[in-house]
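First comes the structure, then the notes that go with it.
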Amino acid sequence: MDFKPANNIQDLQYFGEFGGVNPSISDSSTYTFLSAKTMFDTFEGNAEGCYLYSRHSSPSNLYLGEALAAMEGTETATVTASGMGAITPVLLQLCDAGDHIVSSRTIYGGTYAFLKNFAPRLGIKTSFIDITNLDAIEDAITGQTKVLYCEAVSNPLLEVADIRALSKLAKKYNLEFVVDNTFSPLSISPFKLGADVVIHSLTKFINGSSDTVAGVVCGSQEFINQLRDVNSGAAMLLGSTMDSLRSASVLKNLRTLHIRMLQHSKNALYLAQKFEDIGLKTVYPGLKSHPSHNLFKSMMNETYGFGGMLTIDVGNIEKANSLMELMQKENLGYLAVSLGFYKTLFSAPGTSTSSEIPEDEQAKMGLSDGLIRFSIGLDADIERTFMKMKECMIKLNILENELA
Ligand SMILES: *Cc1c(COP(=O)(O)O)cnc(C)c1O
């Protein structure tokens, strides 16, 4: 693929009100009108370029949305107050009571909890299926199915969805294909591979400084208009609007995303190879041992690598916890959920970010309790980081057991 997401972002040119190099932030919740007629037209969405009220739209949110639409190659996008604030309105916009969703079974814990526990209250049912098994996905589709949902690279197991093939299935059965691309910004461009709607939690790599929660929905003008409709739009009416100050700060961080992703990917590939070499059970899409290594390669925008996320399995939760505590003590990273920070973050998903998923289902999907999920940081000297991590593992007898 010769899609160039970073170029598309770079080619947008915004100036501030006074010729500033950053667009001005509109620090207002409401806007004045010279004529009452224009106010009515704006409310109905008929007055281009006019703002009425900042839950509807604001200049800062439109700038950020445009930049993210350019990144994903969609017509437009709408930004939201969090990743979940993007996911839930999209699903509620696309599904009525009685409708059905086919979802990957390895997805973000919050999304899983929404589909499993909340959506059924509204009459929306979900089948959770192994996303790498296309036959099982097809078998799960019923006459009521409206949406096919997955993550391009799944949380936390790093399964890779075959977006081209899933898109064909979605077209065959007339489903909306929604892809959460939080783990693989720039590397994978789901819309270009056939997704209808692409979602990100901006909280992670895209903002990259772990100082805010934010989200985005990228899609067609028609769908984004539906989400924002004042009478029936889920994004409008559920109110997960981003604040203008935050949009402005996320846009500034987006400017360096391509450089950060390069470093995250480079460091993660180095560590994954070294971890595998010393006998650790390591999962990283950039490793030849990853079952979907070639699939990832066939979908990726090459420049950005295989991303910053990897997992290792150290056997049991006690070892996982001691290792994480020791690595934090040695200042190799933080024992924290989330991802995409300059610092390496690690957590045991079974007891944190995926704890919404019942234990028996965790076991079924291969989410073992010795699993540690790493979001690899921007370390300048990753060789030194590896040596220190290895020392921690030796000290805790993790390597001997693994090698035995
Ligand atoms: C964090 C995350 C979300 C939720 O985003 P928030 O910004 O925390 O609401 C959704 N999907 C994935 C893959 C995530 O990692």
Side-chain angles (χ1 to χ4, degrees), residues 61 64 68 72 77-92 101 103-116 118-119 126 128 131 147 149-161 163 178-188 190 195 197-218 234-235 238-243 246-247 249-250 253-254 257 261 264 268 283 285 307-311 336-341 345-350 352-357 365 367 371 373-376:
N61 288 7
L64 178 61
L68 292 163
E72 290 296 355
T78 192
V79 295
T80 55
S82 71
M84 288 308 296
I87 292 165
T88 54
V90 164
L91 296 173
L92 295 176
I101 297 172
S103 168
S104 164
R105 65 181 184 179
T106 57
I107 48 173
Y108 179 69
T111 312
Y112 179 85
F114 175 75
L115 290 173
K116 176 104 179 168
F118 197 101
T126 301
F128 297 96
I131 199 68
V147 171
Y149 185 91
C150 71
E151 297 172 3
V153 178
S154 81
N155 179 28
L157 294 176
L158 310 180
E159 289 172 350
V160 179
I163 296 173
V178 180
V179 178
D180 178 338
N181 198 27
T182 301
F183 273 34
S184 41
L186 298 179
S187 303
I188 293 181
V197 178
V198 182
I199 294 174
H200 283 276
S201 165
L202 303 177
T203 312
K204 316 295 172 49
F205 288 104
I206 292 180
N207 184 59
S209 48
S210 294
D211 55 0
T212 187
V213 286
V216 69
V217 183
C218 304
L238 296 171
S240 59
T241 307
M242 199 193 293
D243 181 73
R246 274 309 184 190
S247 305
S249 72
V250 175
N253 287 0
L254 179 66
L257 179 65
M261 287 316 296
H264 285 300
V283 175
M309 303 300 295
L310 65 85
T311 67
V337 299
S338 200
L339 41 134
F341 199 31
L345 303 177
F346 31 78
S347 56
S352 60
T353 48
S354 296
S355 57
E356 294 93 338
I357 304 171
M365 62 179 66
L367 210 167
L371 194 77
R373 182 187 83 176
F374 285 77
S375 163
I376 304 302

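Keep in mind that this is a model prediction, so the values were computed, not measured. In what follows, residues are counted from 1 in the order of the sequence shown. Counting starts at 1 for both ligands and their atoms, following the listed order.
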Short question: side chain of Glu151, backbone of Tyr108 - any donor-acceptor pair under 3.5 Å? yes
Are Asn207 and Arg246 close enough that a side-chain donor and a side-chain acceptor fall under 3.5 Å? no
Counting from 1, what ligand 1 atoms have a heavy atom of Glu151 closer than 4.0 Å? 13 (C)
Among all the protein's non-hydrogen atoms, which is closest to atom 9 (O) of ligand 1, and how far away is it? Met84 N, 2.8 Å
Decide yes or no for Leu68 and Ile206: does some side-chain heavy atom of the first lie under 4.5 Å from some side-chain heavy atom of the second? yes
Between Asp180 and ligand 1, is there a nitrogen or oxygen pair with a distance under 3.5 Å? yes
N/O donor-acceptor pair under 3.5 Å between Ser82 side chain and Gly85 backbone: yes
Does even one non-hydrogen atom of Ile87 get within less than 4.0 Å of ligand 1? yes
Which is closest to atom 6 (P) of ligand 1 in terms of heavy atoms, Gly340, Ser338, Gly83? Gly83
For Asn61 and Met242, indicate whether the former's side chain and the latter's backbone hold a donor-acceptor pair under 3.5 Å. yes
Counting each atom of ligand 1 from 1 as listed, which ones have a heavy atom of Ala214 under 4.0 Å away? 7 (O)
Could you tell me, atom by atom, which parts of ligand 1 come under 4.0 Å of a heavy atom of Thr182? 11 (N), 12 (C), 13 (C), 14 (C), 15 (O)
Counting both backbone and side chain atoms, is some N or O of Asn155 under 3.5 Å from an N or O of ligand 1? no
Which protein non-hydrogen atom lies closest to atom 7 (O) of ligand 1, naming both residue and atom, and how far is it? Thr203 OG1, 2.6 Å
If you scan protein heavy atoms around atom 8 (O) of ligand 1, the nearest is Tyr108 OH, 3.8 Å
Tell me which protein heavy atom sits closest to atom 1 (C) of ligand 1, plus the residue, atom name and distance to 0.1 Å. Lys204 NZ, 1.3 Å
Of Ile199, Thr80, Asp180, Val147, the one forming a side chain to side chain contact (heavy atoms under 4.5 Å, CB included) with Val90 is Ile199
Check: Ser201 N/O within less than 3.5 Å of ligand 1 N/O: yes
Are any of the side-chain heavy atoms of Val283 and Leu157 separated by less than 4.5 Å? no
Calculate, to the nearest 0.5 Å, the distance between atoms OH and CD1 belonging to Tyr149 and Ile101 respectively. 9.5 Å
Between ligand 1 and Ala86, can you find any atom pair, the residue atom being a heavy atom, that is separated by under 4.0 Å? no
Look only at the side chain of Ser104 and the backbone of Thr106, and say whether a donor-acceptor pair between them is shorter than 3.5 Å. yes
